[in-house]
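Read the numbers this way: they start at 1 and go in the same order the structure lists the ligands and their atoms. Heavy atoms only: backbone and side chains are in, while hydrogens, waters and symmetry mates are out.
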Amino acid sequence: MTHNNTKAERTGFGSKIGIILATAGSAVGLGNVWRFPYMTGENGGAAFLLVYIACILLLGLPGMISEFIVGRRAQANAARAYDNLSGERPWRFVGYLGIFTATIILGFYAVVAGWCLQYLYASLLGHVQGSADYAQTYFQQFASHPVKPVMWALAFIIITHMVVVRGVRKGIERASKFLMPILLILLVILVIASCSLPNAWKGVEFLFKPDFSKLNSHVFLEALGQAFFSLSLGTACLCTYASYFKRDTNLLGSAAQISVLDTLIAILSGLMIFPAAASVGINPDSGPSLIFITLPNVFQQAFGAIPVVEYVVSIMFYALLVFAALTSTISMHEIGTAFFTEEMHMKRRNASFVITLTASCISVFCAWSVGAWDSLKIMGLSLMDFCDRLTANILLPLGGMLTCIFVGWFIPRKIVFEEFTNQGSINANLFLLFVFTVRYICPIGIVLVFLHQLGII
Ligand code: PFF
């Protein structure tokens, strides 16, 4: 009884379907709609997409199941989960690493989520319609403003904070039950609109016709990072959420469904952006601003003939994007909040405050580093890009790899079997394949990508 109460306090998750939706909500977000198109654009298109899908299948899916196993078995926050299952304190470090990584991601992710809030607000006022040139100037002026991007980013973190502290999460989960399908339908409509623009086929070709000469070690690392970022893998976020899963949740089935949904939304986002970008002459490698400078053109060219439709579609799209981002930021926030509440014995409200304050500081500097204060650079990258690459390309794969090693080599095989097969009742024939993958394929694959990037092999 006490245990159940603690669980309810920890998250306020409503039901079995609620927690699976929340996990899918964590995975689907700006990583799919904003980061995937810009990464694909910067890394040569279709060849990147192929490597990305390989990373999801070979490394992401087994990594996700591994985090689920650790979380559901241990039923505790990230740090305690690793500790509980191994009985060896050094494994706590993986949990700490996850909390650290998630808080940095929350910091820069909120900046982009803030951009979405600004675009939602501007579309409500009818301000973001316009030509490619106008869209580019609009974005630049907004992003380099010393106050506005900071204000929106902080607003986003505060909204996240309120959801995490107040436990209005049940409502959010219920809402995602119908908002996620609406996002999917709207994406399909925008894909059709984008693909019917003049010269759109060039963009479709860019996304689906691989040019293998574009493959190099950096592309592998970026695809690996994108796969982990998009699946929310390597921050112990999935482990934290899985600690609320039911005993009969099919871990393999849930991981497969979430990965398919996540990849589908990423590909649809690519199909929404590249044909439109090709049609209006925006470079696919325009970087983080890509969707913000391309989308207004899609809205205008496809629906401009009936202004009210253009108005409604743009508002709906940015509102859904904000919602998708929120379900992801809640998950990043929850990792640290659960940790400080349970391990440091802080009140949930105070624990949340620590995360909110830390993420807000990161956000402010990240927002300035891509605008008003663009001399704020680390290793030649803006602070925002630095935080993005540090987490996606290094910390997430590292966290995911350690989890695979932990599950493959350190947790007793019997426990892994019980969790993977729900006490022998399902998926038993895939068990050995899973163990082989997490023992060898995942760690070796990730180490090879790291070494290749460092030029060692
Ligand atoms: N997977 C999220 C997205 O694609 O937007 C981003 C994310 C969420 C990364 C939670 C890491 C995390 F812990």
Going by heavy-atom distance to atom 7 (C) of ligand 1, choose the closest among M332, Q226, R35. M332

Relative to the ring of [Y], is the ring of [X] parallel (under 30°), tilted (30 to 60°) or perpendicular (over 60°)?
X	Y	answer
F36	Y52	tilted
H452	F220	perpendicular
W34	W115	perpendicular
F142	F139	perpendicular

Report the part of S26 in contact with ligand 1, treating N, CA, C, O as backbone and CB onward as side chain, heavy atoms under 4.0 Å; options are side chain, backbone, both, neither. both

Which of the atoms in ligand 1, numbered in the order shown and given with their element, are less than 4.0 Å from a heavy-atom of [X]?
X	result
N32	4 (O)
S331	10 (C)
C237	13 (F)
G31	3 (C), 4 (O), 5 (O)

What protein heavy atom sits nearest [atom], and how far away is it?
atom	result
atom 4 (O) of ligand 1	A27 O, 2.9 Å
atom 5 (O) of ligand 1	Y109 OH, 2.5 Å
atom 9 (C) of ligand 1	F229 O, 3.5 Å
atom 13 (F) of ligand 1	T235 OG1, 2.7 Å
atom 8 (C) of ligand 1	S232 OG, 3.3 Å

Geometric N/O contact A102 with ligand 1, under 3.5 angstrom: no

Considering distance alone, does some N or O of L231 sit under 3.5 Å from an N or O of ligand 1? no

Could you check, using the six-membered ring where one of them is a Trp, whether Y318 and Y121 have ring centers closer than 6.0 angstrom? no

Is the Y119 to Y138 ring centre distance short of 6.0 Å? yes

So with a 6.0 Å cut-off around [atom1] of [X], is the heavy-atom count from everything else above 12?
X	atom1	answer
K347	NZ	no
M379	CE	no
F100	CZ	no

